[in-house]
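Order of the sequence lines sets the chain letters (A, B, ...), proteins ahead of strands, with each chain counted from 1. Computation of the quantities below employed the complete heavy-atom set of this structure, encompassing side-chain atoms and omitting hydrogens, waters and symmetry-equivalent molecules.
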Amino acid sequence: MDYRMYIAERLPVEGVGKEEIAESISVPPDLSLGDYALPCFKFAKLLHRSPAAIAEELAASFPADGVIAGATAVNGYLNFRIDRGGLVRETVGRILREREGYGSSEVGAGKTVCIDYSSVNIAKPFHIGHLSTTVLGGALYRIYKFLGYTAVGINHLGDYGTQFGKLIAAYKRWGDRETVQRGGIHAINDLYVRFNEEADEEMEKEAREYFRLIESGDKEANAIFNWFKELTLEYVKGIYDVLGVTFDSYASESFYIDKMGPVIGELREKGLLTESRGAQIVDLEAYGMPPFIVLRSDGASLYATRDLTAAFYRKQTYDFDKCLYVVAYQQNLHFRQLFKVVELMGKDWAKDLVHVAYGMVSLEDGAMATRKGRVVWLEDVIRRCVEKAQAVLAEKNPDLPDKEEVAKQVGVGAVIFGALYNSKIKDIVFSYEKALNFDGETSVYVQYTCARAASVLARARAEGLSWTGEALPPCEEEFELAKRLADFPSVVLSAAENYEPSYIARYLVDAAQRFNKFYIGCKILSAEPDVRLSRLSLTEAALVTLKNGLALLGIGVPEKM
RNA sequence: GCACUCGUAGCGCAAUUGGAUAGAGUGUCGCCCUCCGACGGCGAAGGUUGUGGGUUCGAUUCCCGCCGGGUGCACCA
């Protein structure tokens with residue numbers, strides 16, 4: 001039920017469209033004022049009357065019915081009271097009918113959205129800074145699918161550049177098969193770090209030569225490089241598995257090397273390419289930006305060239321309606337340039353390219369610096385959160401079955417939730433103290449709330465009770481919970497529109513708070529038989545909604561914890 | 001220097017996209033387990049929304065100036 005539209009349709013205001021009225025309807029700061037409100041100030045000029053007078057007139061003529069119980073005018077606001085029993089009945093009924101589908105929709109049917117996220121580099125282990133793009137992208141991927149879109153998850157693997165020549169050079173100097181096979185990606189990274197520490201002119205030359213060998217198809221160099229690639233993919237897939245993240249494409253940078261020609265050709269044809277200081281560039285001075293360098297003065301391509309090519313490839317391959325780049329705001333300028341170049345090439349789909357920028361992670365003692373050993377590996381964070389969960393479970397619920405599995409859901413959930421709870425643009429200063437705190441506004445709180453609800457439902461089933469969405473006229477706590485549950489579908493929509501999974505995370509905490517107030521304030525199992533069934537329905541509706549929301553973030557819900 | 005971005009309670013953050021008395025959490029101080037799970041609930045204290053203007057009936061939100069933090073600015077990815 002869309003209450004805003006329902007009200008708008010029954011509220012004729014001269015010279016104002018229904019859509020506009022519906023959009024103007026807000027929620028009063030205090031429920032005692034009403035459930036919805038229409039501020040009448042903006043109509044004052046149009047109707048040549050005071051806002052208060054307009055509100056009163058509208059209140060007098062508004063037809064109360066079984067949906068909207070009444071309208072009152074207060075200080076220029078027209079406040080509506082909805083029929084509470086109706087809302088609870090409809091909401092609970094709908095949730096128990098739709099179940100896992102509650103909150104989903106078909107708005108995206110027939111549309112495709114590409115999401116470029118996580119995008120790791122070969123031989124670079126995950127540190128805490130990689131968490132945001134991975135869980136943000138993963139959440140957006142699930143949210144878009146939930147809304148009926150065809151989502152394409154793309155891991156734009158970084159596997160091209162002289163740095164990979166360094167990798168081979170370092171391995172040839174100091175590496176050996178066993179150490180790397182055993183130590184995996186961290187062992188390769190150690191070699192890389194050492195190379196950068198010790199590198200002189202001679203070694204740099206060597207690295208460039210190895211990169212040239214990779215490019216020219218040299219057997220040995222490519223064998224080593226492909227081996228490193230495999231080790232990297234094996235490693236990241238392990239982490240993705242834990243975080244519940246999936247991809248449909250791992251098309252890497254090198255994948256685009258032989259596809260750049262036509263794109264560069266088109267730039268040239270359209271007269272966008274000019275030479276400057278020996279390099280081929282697209283001049284963006286008119287747009288207040290530095291040039292977009294397409295080819296270096298030595299003729300080599302750049303990251304930007306391959307990104308441009310990738311955009312064309314994705315458009316051609318997936319015919320996306322939208323293509324998201326979940327990348328830190330550090331690369332703001334890069335994407336503004338990239339999108340502008342696509343626009344200058346006359347592609348109307350330039351407007352469908354979106355940089356989903358998020359804030360940066362630092363540590364308490366400053367920016368992360370792998371060389372100085374100032375780095376927090378993601379595996380360590382996950383491991384320590386799971387260990388913390390194990391410790392808490394051992395203390396609070398020692399008899400719990402599948403303790404390991406539950407600890408994993410709780411610990412991993414905390415890692416994901418911590419990265420998604422705040423607006424994505426905010427910078428994060430990582431600390432274990434914060435990461436390991438499971439109190440308050442956390443996934444653990446939401447999961448605990450679910451466990452409480454599940455426990456009540458299990459007891460009721462054990463008593464042979466069954467319920468199917470019945471709802472009696474609600475008390476205050478029941479109403480406030482049900483009203484919030486009714487918001488879930490629109491929260492999911494707006495999370496997608498704003499690329500903000502945090503909207504869902506915040507919603508879940510708020511909904512869980514309301515459930516807990518209901519749980520503390522109203523007896524469920526010991527209530528009168530008909531009230532009991534009504535409250536069991538509401539309890540299950542809350543559980544279903546919380547579960548659906550957590551699932552969108554990639555967080556599981558244990559039955560007991 | 002220029003561009004982008006952030007600035008809200010001691011701390012890390014919200015605020016329905018311009019609406020009514022700026023909200024939860026955490027930390028501090030109290031209270032509540034003979035009552036469905038205390039990883040919980042209730043209460044107290046805590047604010048000149050960085051600052052000065054402007055637009056508006058109304059500004060935390062929009063515009064301009066300043067202050068402070070972060071990021072970026074030609075051949076790295």
Side-chain angles (χ1 to χ4, degrees), chain A residues 23-30 33 37-42 44-45 50-51 74-77 79 119 121 124 158 160-163 253 276-281 288-298 300-307 328-334 336-337 357 359-360 362 367 389 392-393 395-397 410 421-423 425-429 431 434 437-442 444-449 451-460 487 490-491 494 498 502-503 506 509-510 512-513 516-517 519-527 532 535-536 539 560-561:
Chain A
E23 274 173 35
S24 302
I25 292 174
S26 59
V27 177
D30 190 336
L33 287 164
L38 178 68
C40 298
F41 309 98
K42 59 175 79 163
K45 237 177 242 167
S50 77
V74 183
N75 298 330
Y77 287 88
N79 294 333
S119 300
N121 285 322
K124 285 282 174 66
Y160 193 86
T162 45
Q163 49 170 325
E253 282 198 77
S276 170
R277 301 180 208 173
Q280 297 292 313
I281 65 155
M289 289 186 273
F292 183 84
I293 301 175
V294 179
L295 293 174
R296 299 195 314 213
S297 44
D298 65 0
S301 69
L302 288 108
Y303 171 72
T305 324
R306 300 183 290 272
D307 242 8
Y329 67 65
Q330 225 171 13
Q331 298 200 37
N332 231 311
L333 178 59
H334 165 72
R336 277 178 53 217
Q337 290 179 301
M360 317 239 314
S362 59
V392 175
L393 287 173
E395 189 201 326
K396 305 210 177 191
N397 204 345
V410 172
Y421 192 60
N422 290 335
S423 312
I425 199 67
K426 297 274 184 184
D427 287 331
I428 296 169
V429 178
S431 78
K434 278 185 278 175
N437 177 26
F438 292 175
D439 296 328
E441 298 170 330
T442 63
V444 184
Y445 173 78
V446 182
Q447 286 170 321
Y448 178 74
T449 305
R452 264 183 160 177
S455 170
V456 172
L457 297 174
R459 277 168 183 268
D487 292 335
S490 68
V491 170
S494 100
N498 296 286
S502 68
Y503 286 9
R506 292 200 169 262
V509 167
D510 191 54
Q513 279 172 343
N516 281 319
K517 284 180 189 186
Y519 177 88
I520 299 292
C522 313
K523 289 191 175 74
I524 301 170
L525 290 173
S526 54
R532 181 168 62 183
R535 289 184 176 166
L536 283 167
T539 299
K560 293 182 178 175
M561 62 184 276

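In terms of phosphate contacts, K517(A) brings a side-chain nitrogen or oxygen within less than 4.0 Å of OP1 or OP2 of C42(B). Distances shown here put a side-chain N or O of K45(A) below 4.0 Å from the OP1 or OP2 atom of C57(B). Taking only side-chain nitrogens and oxygens, R506(A) never comes nearer than 4.0 Å to OP1 or OP2 of G23(B). Dashed line: the shortest gap from a side-chain N or O of Y160(A) to OP1 or OP2 of A77(B) is not under 4.0 Å. For K434(A), no side-chain nitrogen or oxygen approaches OP1 or OP2 of C11(B) to under 4.0 Å. Side-chain nitrogen and oxygen atoms of R459(A) include at least one within less than 4.0 Å of the OP1 or OP2 phosphate oxygen of G37(B). Side-chain N/O atoms of S455(A) include one lying less than 4.0 angstrom from OP1 or OP2 on G37(B).
Here N498(A) lies in heavy-atom contact (under 4.0 Å) with a base. Within 4.0 Å of M289(A), counting heavy atoms only, lies no atom of the nucleic acid at all. Residue-level contact check: L393(A) touches the bases, meaning some heavy atom is under 4.0 Å from a base atom. Counting any heavy atom pair closer than 4.0 Å across all strands shown, L302(A) reaches sugar-phosphate atoms only and no base atom. Here D307(A) lies out of heavy-atom contact (under 4.0 Å) with every strand.
In this structure, U16(B) makes no Watson-Crick or G-U wobble pair, since no nucleotide meets both defining distances under 3.5 angstrom. Across all strands shown, G43(B) forms a Watson-Crick or G-U wobble pair, both distances under 3.5 Å, with C29(B). With a 3.5 Å ceiling on both atom-pair distances, C75(B) lacks any Watson-Crick or G-U wobble partner. Judged by Watson-Crick or G-U wobble contacts below 3.5 Å, the nucleotide C62(B) has G54(B) as its partner.
Side chain S276(A) to base A74(B): a donor-acceptor pair is found below 3.5 Å.
Rounded to whole Å, atom P of C76(B) lies 11 Å from atom CZ of R306(A). Atoms OH (Y445(A)) and C1' (G40(B)) sit 8 Å apart, rounded to a whole Å. Per the geometry, CD belonging to Q331(A) stands 17 Å off P belonging to U5(B), to the nearest Å.
Between F292(A) and H334(A), the ring planes are parallel. Angles under 30° get that label, and only those over 60° would be called perpendicular.
Residues V429(A) and S362(A) form a side-chain contact, since some pair of their non-hydrogen atoms from C-beta on lies under 4.5 Å apart.
With its glycosidic angle within 90° of 0, C33(B) adopts the syn conformation.
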